[in-house]
Amino acid sequence: MSNAPDHADDGALPAIEFRSPGRFAIHNPPAEAVAPDGELEPAPFVLGAHPHVEPCADVPSLRSHALALIRQARRSLCLYTPDLEPWLYDQRAIAAACRQFLRAHPRNRLRILLGDSRRAVGDGHALLRLARQHTSNCEIRRPHPDHPAADCAYLLVDDCGLLLRPTLQLTSGQAHYQARVRVRQLQRQFEQSWNTSQTDPDLRSFLL
């Protein structure tokens, strides 16, 4: 695993590009690319202390970093996702980590901006079941169709953690454990989308 220096905090990174409003390109890997859930182990890095960008070249590494980041969250999780990426987030270990996070403190909050809920509702995604059980601090909404949609997927963890998939068509990305400038940039974009977001009628009956 490469330990290339993280330049995320020098302010020189280019801004996230946006494309046409309200549209997500969705890619899910074939079933054979997904490792059994029982093999999932968290990456061995500390949130807020590990200064390097960790490349995620495949599904197992993305899952491993997602689990590590979520387990170390103490205040906030913000997920911007096209379809809840079931190959990544519909995992027992990750759902359990989210549940533990929500139960750890009543002010802990998981917010999800979901582009298309149809597959997640049809398949019964673990994070949807979690949202139904924790209505006070876990909320799922969809971006407003007139608000520009980011051509990426990301998970923001507190004020410094980031799991980023910059290209939706690829099952690869980057894990950042200490990237405060980049997280602030994406957090502002997330808040703008959240403030104009809508309830999803496809989710309403599922979550009741």
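- For the pair Arg71 and Pro42, the minimum side-chain heavy-atom distance is below 4.5 Å.
- Taking each heavy atom of Pro166 and Ser172 in turn, the nearest pair found is CD-O, 4.4 Å.
- Note that the CD1 atom of Ile94 and the CG atom of Leu69 stand 10.0 Å from one another [nearest 0.5 Å].
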Salt bridge (charged side-chain N to carboxylate O under 4.0 Å, His left out) assessment of Asp159 paired with Arg75:
CA-CA 9 Å; Asp159 60 354; Arg75 295 180 302 280; 3.6 Å; yes
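- Across all non-hydrogen atoms, the minimal contact from Cys98 to Leu130 is CB-CD2, 3.4 Å.
- At a threshold of 4.5 Å between non-hydrogen side-chain atoms, the residues Arg182 and Leu164 count as touching.
- Arg63 CZ to Glu41 CD: the interatomic distance, rounded to the nearest 0.5 Å, is 13.0 Å.
- Taking CD1 of Ile112 as the start and SG of Cys138 as the end, the distance is 5.0 Å to the nearest 0.5 Å.
- In this structure, Leu114 and Pro143 approach most closely via the heavy-atom pair O-CD, 3.5 Å.
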Under the side chain to side chain contact (heavy atoms under 4.5 Å, CB included) rule, what do Trp194 and Glu139 come out as? Steps first, then yes or no, please.
CA-CA 11 Å; Trp194 186 264; Glu139 188 173 0; 3.5 Å; yes
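- Ala66 and Leu163 get closest at one heavy-atom pair: CB-CD2, 3.6 Å.
- Within the 3.5 Å criterion, the main-chain N or O of Leu67 finds no donor-acceptor partner in the side chain of Gln91.
- Side-chain contact between Val183 and Val157: absent, with no pair of heavy atoms (C-beta onward) separated by less than 4.5 Å.
- For the side-chain contact (heavy atoms from CB on, under 4.5 Å) criterion with Ile140, the lone passing option out of Thr199, Leu128, Leu113, Asp200 is Leu128.
- Look at Glu85 and Arg119 and you find no salt bridge, because none of the NZ, NE, NH1 or NH2 atoms lies under 4.0 Å from a carboxylate O.
- Scanning both residues, Cys56 and Ser61, for their nearest heavy atoms gives CA-OG, 3.3 Å.
- The main-chain N or O of Gln187 is never found under 3.5 Å from a side-chain atom of Gln192 such that the two would form a donor-acceptor pair.
- When all heavy atoms of Pro51 and Gln178 are compared, the pair lying nearest together is CA-OE1, 3.6 Å.
- Taking OH of Tyr177 as the start and NE2 of His52 as the end, the distance is 13.0 Å to the nearest 0.5 Å.
- Not a single donor-acceptor pair under 3.5 Å links the side chain of Asp116 to the backbone N or O of Pro82.
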Does Arg180 form a side chain to side chain contact (heavy atoms under 4.5 Å, CB included) with Gln185? I'd like the steps, not just the answer.
CA-CA 9 Å; Arg180 296 182 187 277; Gln185 176 193 24; over 6 Å; no
Please report the C-alpha distance between Leu162 and Gln174 in whole Å, then the side-chain angles of each, then the deciding distance to 0.1 Å, and finally whether the side chain to side chain contact (heavy atoms under 4.5 Å, CB included) criterion is met.
CA-CA 8 Å; Leu162 166 65; Gln174 306 165 354; over 6 Å; no
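- Side chain of Asp158 to main chain of Arg74: a donor-acceptor pair is present (N/O by atom type, distance under 3.5 Å, no hydrogens or angles).
- Within the 3.5 Å criterion, the main-chain N or O of His144 finds no donor-acceptor partner in the side chain of Ser197.
- Applying the 6.0 Å contact sphere to CD of Gln198 captures more than 12 heavy atoms from other residues, nucleotides or ligands.
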After noting the C-alpha distance and the side-chain angles of Leu102 and Leu110, does the key distance pass the side chain to side chain contact (heavy atoms under 4.5 Å, CB included) rule?
CA-CA 7 Å; Leu102 293 171; Leu110 168 59; 3.9 Å; yes
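- Atom NE2 of residue His134 and atom CG of residue Asn108 lie 11.5 Å apart, to the nearest 0.5 angstrom.
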Given side-chain hydrogen bond (donor to acceptor under 3.5 Å, both in side chains), test His125 with Tyr89 step by step and report yes or no.
CA-CA 8 Å; His125 198 290; Tyr89 294 110; over 6 Å; no
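- Distance SG/Cys78 to CZ/Arg111: 4.0 Å, rounded to 0.5 Å.
- Looking at Cys160 and Leu47, their side chains come closer than 4.5 Å, going by heavy atoms from C-beta outward.
- Ring orientation note: the planes of Tyr154 and Tyr80 are close to parallel, at an angle under 30° on the 30°/60° scale.
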